[in-house]
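Before any comments, here is the structure.
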Amino acid sequence: MKSIQKLATVSAVLSALFTSVASADPVKLNMPSVYPGSLTQLGTAGVRVADTVNLISGGEVKIKFFEPGALVPALEIFDAVSNGSVDAGWSTSGYWGSKNSALNIFATVPFGPQAGEYLAWMWYGDGDKLKNEIYNRHGIQSITCGIHSPETSGWFKKEINSPEDLKGLKMRFYGIGAKVMQKLGVDTQLLAGGDIFPALERGTIDATEFSMPAIDLKLGFYNAAKHNYFPGWHQQSTIQELLVNKKKWDNMTERQQAIIETTCRSNIATQYAEGEAIQAPALAAMKEKGVITHRWNDEMLDAIRNGWVSVLAEEKAANREFESVWNNLEQFREEYATWKNLGYL
């Protein structure tokens, strides 16, 4: 008799669960992207997120990827998600540093952490929590949804041998690293990916950084600038994000939110592994196209690091929230260094 009662109880629970799942209203997210869907890693990762959610959700959640400019201009996605004119966006938080400079810290920072350390802070430190304290005030929920390998630190039309060679150059540069370059006398501007090569070719800019070798190769920067410099001091790893309108997010079921969050974690693993696998072939291809690969000398790296120290002091003084987030990351990194120095070659 007790066995029958237990079976009846289990049956009732399962029935209620399936009824709840079946009765959940499907969620559709129109998701414009900062990056073209065909762009290696940066854009293809966003397409993969949409495709994966659509495949595994059984119709509960549907995401439609939109190319930059198809719904809203690429650099207006923050405002569009905030006011609800679009449901979601595929981006990187450094594009929104003008809204709050602390958002730069959740994308990449000069001389910052590599992928494993960064994700440790985001997921098991306070990174995600602090990030959404900012985004939620603007009606946005941000899900950490991608991470990619180090970038090159610039394409130049002429060889750079000393800090003096940088003075007066016009250069496309992303995030807080741009302020460091300004300390070295560079005139920086932020351009979306598709606008960079035409500007480089026309001479509107003299130099650019954008991403990792495999991506820069596809964009053809080598046709306008032959000198490519490493390491990417400004972006040792870069976090990508899925932005969702906060009201839309809060109205989802826990299961629907979990489908998106689990997809994002899967995407991070796939994107990171792919990014590490495709750089060496890209570098070989660029060599065949006449690209001259350089590594910054100690004088240059010291000058860049000194510029960063100055910028960091200014950013902390200008924005208390930046200072608070930065101090949190630094405390995490100081603790992590004990493990890093012991555990890794």
Side-chain angles (χ1 to χ4, degrees), residues 26-54 57 61-108 122 127-128 130-148 174-175 190-195 210-211 215 235 238-252 256-257 259-268 271:
V27 171
K28 181 179 179 182
L29 302 176
N30 289 327
M31 183 182 77
S33 173
V34 170
Y35 310 100
S38 61
L39 184 59
T40 305
Q41 289 265 294
L42 294 173
T44 56
V47 173
R48 182 170 54 244
V49 166
D51 289 346
T52 303
V53 166
N54 295 341
S57 71
V61 185
K62 295 181 180 179
I63 298 180
K64 186 172 182 180
F65 180 97
F66 286 87
E67 296 291 336
L71 289 182
V72 293
L75 299 184
E76 294 180 16
I77 287 175
F78 181 103
D79 290 334
V81 176
S82 176
N83 64 33
S85 58
V86 299
D87 308 307
W90 180 251
S91 70
T92 308
S93 67
Y95 280 109
W96 322 126
S98 62
K99 304 290 184 181
N100 187 324
S101 61
L103 289 174
N104 287 305
I105 301 173
F106 307 108
T108 189
M122 293 300 292
D128 271 343
L130 294 171
K131 177 181 65 170
N132 274 312
E133 285 179 1
I134 298 172
Y135 272 120
N136 287 174
R137 295 200 299 266
H138 295 274
I140 299 171
Q141 182 74 17
S142 171
I143 301 97
T144 298
C145 205
I147 196 162
H148 67 73
Y174 167 85
L190 181 61
L191 299 175
D195 298 328
F210 184 64
S211 194
I215 295 175
Q235 288 183 255
T238 306
I239 291 174
Q240 292 187 267
E241 62 184 359
L242 171 61
L243 302 180
V244 182
N245 176 269
K246 186 68 165 59
K247 289 181 180 178
K248 191 89 174 182
W249 179 258
D250 290 344
N251 285 331
M252 293 184 200
Q256 289 168 335
Q257 292 176 352
I259 288 169
I260 292 173
E261 289 172 334
T262 303
T263 296
C264 282
R265 294 207 172 198
S266 170
N267 186 64
I268 285 170
Q271 184 184 16

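Values in this document were obtained by computation on a predicted structure and should not be read as measured data.
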Checklist outcome for this item: Gly94 and Asn104 have their tightest heavy-atom pair at O-OD1, 3.5 Å
Next on the checklist: Leu190: which residues meet the side-chain contact (heavy atoms from CB on, under 4.5 Å) condition with it, sequence neighbours left out?
Outcome noted: Tyr95, Arg172, Tyr174
Item to check | Residue pairs involving residues 68-91 (criterion salt bridge (charged side-chain N to carboxylate O under 4.0 Å, His left out); sequence neighbours excluded) | outcome: Asp79-Lys99, Asp87-Lys248
Checklist outcome for this item: Correct closest heavy-atom pair for Val81 and Gly89 would be CG2-N, 3.9 Å
Item to check | Partner set under side-chain hydrogen bond (donor to acceptor under 3.5 Å, both in side chains) for Asn251, not counting sequence neighbours | outcome: none
Checklist entry - Relative to the ring of Phe78, is the ring of Trp96 parallel (under 30°), tilted (30 to 60°) or perpendicular (over 60°)? => result tilted
Checklist entry - Which pairs pass side chain to side chain donor-acceptor pair (under 3.5 Å) with one or both residues in residues 61-70, sequence neighbours excluded? => result none
Checklist entry - Where is the tightest heavy-atom contact between Ser82 and Asn245, given as atom of each residue plus distance? => result O-ND2, 3.7 Å
Next on the checklist: Going by the rule side-chain contact (heavy atoms from CB on, under 4.5 Å), which residues pair with Ser85 if we only count those two or more places apart in sequence or in a different chain?
Outcome noted: Ala80, Asn83
Checklist entry - Taking all non-hydrogen atoms of both residues, which atom of Ile268 and which atom of Gly146 are closest, and how far apart? => result CG1-N, 3.4 Å
Checklist entry - Of all heavy-atom pairs between Ile239 and Thr144, which one has the smallest distance, and what is that distance? => result CG2-CG2, 3.8 Å
Next on the checklist: Among residues at least two apart in sequence or on other chains, which ones pass salt bridge (Lys or Arg N to Asp or Glu O under 4.0 Å) with Glu133?
Outcome noted: Lys129
Item to check | Gln257: partners by side-chain contact (heavy atoms from CB on, under 4.5 Å), with sequence neighbours left out | outcome: Trp249, Met252
Next on the checklist: Once side-chain hydrogen bond (donor to acceptor under 3.5 Å, both in side chains) is applied, do any residues pair with Ser142, and if so which ones, sequence neighbours excluded?
Outcome noted: Lys131, Glu241
Checklist entry - Does a side-chain heavy-atom distance below 4.5 Å link Thr52 with Ser266? => result no
Next on the checklist: side-chain contact (heavy atoms from CB on, under 4.5 Å), that's the test. Do Met122 and Ile147 meet it? Break it down for me.
Outcome noted: CA-CA 11 Å; Met122 293 300 292; Ile147 196 162; over 6 Å; no
Item to check | ring pair (Phe, Tyr, Trp, His ring centres under 6.0 Å) involving Phe106 - partner list, sequence neighbours excluded | outcome: Trp121
Next on the checklist: Using modelled atom types and a 3.5 Å cut-off, is there a donor and acceptor pairing between side-chain atoms of Thr263 and backbone atoms of Val49?
Outcome noted: no
Item to check | Stepwise side-chain contact (heavy atoms from CB on, under 4.5 Å) check, Ile63 with Trp90 | outcome: CA-CA 11 Å; Ile63 298 180; Trp90 180 251; over 6 Å; no
Got a list of side-chain donor-acceptor pairs under 3.5 Å for residues 41-48, not counting sequence neighbours?
residue, atom, partner, partner atom, Å
Gln41, NE2, Gln271, O, 3.0
Gln41, NE2, Glu274, OE1, 2.5
Thr44, OG1, Gln41, N, 2.8
Arg48, NE, Asn267, OD1, 2.9
Arg48, NH2, Asn267, OD1, 3.0

Item to check | Pairs flagged by salt bridge (charged side-chain N to carboxylate O under 4.0 Å, His left out) wherever residues 28-45 is involved - sequence neighbours left out | outcome: none
Side chains of residues 29-38: which donor-acceptor partners sit under 3.5 Å, not counting sequence neighbours?
residue, atom, partner, partner atom, Å
Ser33, OG, Tyr35, N, 2.9
Ser33, OG, Tyr35, O, 2.6
Tyr35, OH, Thr92, OG1, 2.7

Checklist outcome for this item: To the nearest 0.5 Å, atom CG of Leu242 lies from atom CD1 of Ile143 at 4.5 Å
Checklist entry - Does Tyr135 reach the side chain of Leu103, with side-chain heavy atoms less than 4.5 Å apart? => result yes
